[in-house]
Amino acid sequence: MKNSLMFMYHRLVRHFGPLHWWPADSPFEVVIGAFLTQNTAWRNVEQAIAALKQHIPLTPAALCALPKETLEALIRPAGFFRQKAQRLQLFAQVLQERYQGDLDAMLSGPLPRVRQELLAFKGIGPETADSILLYAAQRPSFVVDAYTRRLLQRYGLLRGIENHEEIRALFMDHLPHQAALFNEFHALVVEQCKTFCRKRPLCESCPLQSRCAARL
DNA sequence: TTCCCGGTCC
DNA sequence: GGACCCGGAA
């Protein structure tokens, strides 16, 4: 398993080169992006964040102070804007009250404990929690999303019945816990799935073709 | 104009 | 399983 994952990683690095994730100016902007990108194409999230940035500095305090209706209107392009606005503000509020707005303080401490705390928020599921941990705090928590499942399944590393935590464990149990590695690996998986391993796959020029089960 | 895509909560 | 929602492709 370790060898399969590392082979895949190196092939993807060779094809896509180093990616620069996560595109954001601050850790708190990563958090906002992590909420907004749920079930949403990144291009729409960019619009929403750009609009938001024009109105307020992207800080927990400013987000709390913004009227809910205004926030909803600004992040509208990201979809699910009512629930995302409400959940983002709730998160910002708790961050203010418990940690005086200090994201680093919230995200430091033993990884499993911090992860559990994140998962307790309404609007933070496993993918969002791990995105925040990895990309806002450089903590080695592997991010699994729909792309990851599809790629691994087609490649032949899953039977198809594994749940989210089991897929995450595949990476966590077989790779060194290095934030830089996890960061790049997830970014490469996303790029790979947008380019080749799409819903309707383009196997012809895929960098993983030679060892992919779907292609054999 | 309909259809598709993507996380989380209930 | 259904609800939440957009932009863009078909």
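Chain letters run A, B, ... following the sequence lines, proteins first, then strands; residues in each count from 1. None of these values were measured; they are calculated from a predicted model.
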Between [atom2] of [N] and [atom1] of [X], the distance in whole Å:
{"X": "A:Arg198", "N": "B:dC3", "atom1": "CZ", "atom2": "C1'", "value": "17 Å"}
{"X": "A:Ile75", "N": "B:dG7", "atom1": "CD1", "atom2": "C1'", "value": "15 Å"}
{"X": "A:Gln47", "N": "C:dG7", "atom1": "CD", "atom2": "P", "value": "7 Å"}
{"X": "A:Leu88", "N": "B:dG7", "atom1": "CG", "atom2": "C1'", "value": "14 Å"}

Candidates [options] - which lies nearest the side chain of [X]:
{"X": "A:Gln38", "options": "B:dG7, C:dC4, C:dG7", "answer": "B:dG7"}
{"X": "A:Gln83", "options": "C:dC4, C:dG8, C:dC6", "answer": "C:dC4"}
{"X": "A:Thr128", "options": "B:dT8, C:dG8, C:dC5", "answer": "B:dT8"}

Worksheet item: Taking the nucleotide of DNA chain B with the closest heavy atom to each, which residue, A:Arg87 or A:Lys199, is nearer the 5' end?
Response: A:Lys199
Touch class at under 4.0 angstrom, heavy-atom based, for [X] against every strand present:
{"X": "A:Ala146", "answer": "sugar-phosphate"}
{"X": "A:Arg150", "answer": "sugar-phosphate"}
{"X": "A:Phe35", "answer": "nothing"}

Discussion item. Quick test of the criterion, 5.5 Å between centres and less than 30° between planes. Is A:Phe80 stacked on C:dC5 or not?
Written reply: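 Stack criterion met.
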Worksheet item: How long is the gap from CG on A:Leu71 to CD1 on A:Ile56, to the nearest 0.5 Å?
Response: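 A:Leu71 CG to A:Ile56 CD1: 7.0 Å, rounded to 0.5 Å.
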Worksheet entry | Test item: side-chain donor near acceptor, A:Arg139 and A:Ser108, under 3.5 Å |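 There is no such pair between these side chains.
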Worksheet item: How far, in whole Å, is B:dC4 from C:dG2 if one measures between their P atoms?
Response: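 Nearest-Å result for C:dG2 against B:dC4 at atom P: 16 Å.
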Item to complete: State, to 0.1 Å, how close A:Ala179 and A:Leu134 come at their nearest heavy-atom pair, and which atoms those are.
Response: O-CD1, 3.6 Å
Practice prompt. Taking all non-hydrogen atoms of both residues into account, name the closest pair between A:Ile75 and A:Ala48 and its distance.
Written response: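 In this case the closest contact between A:Ile75 and A:Ala48 is CA-CB, 3.8 Å.
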Worksheet item: In dot-bracket, 5' to 3', how would DNA chain B read with Watson-Crick or G-U wobble pairs under 3.5 Å, [ ] for crossing ones and | for pairs to another strand?
Response: ||||.|||||
Worksheet entry | N or O in side chain of A:Lys122 less than 4.0 angstrom from B:dC10 OP1/OP2 | yes
Fill in: Side-chain N or O of A:Arg82 closer than 4.0 Å to phosphate OP1/OP2 of C:dC4
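False: A:Arg82 side-chain N/O out of range (4.0 Å or more) of C:dC4 OP1/OP2.
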Worksheet item: Should the heavy atoms of other residues, nucleotides or ligands under 6.0 Å from CZ of A:Arg113 be counted, would the total exceed 12?
Response: yes
Worksheet item: When A:Phe171 is tested against each of A:Val143, A:Leu181, A:Leu152 for side-chain contact (heavy atoms from CB on, under 4.5 Å), which residue passes?
Response: A:Leu152
Fill in: A:Arg211 charged N/C atom sitting above A:Phe7 aromatic ring, 6.0 Å / 45°
yes
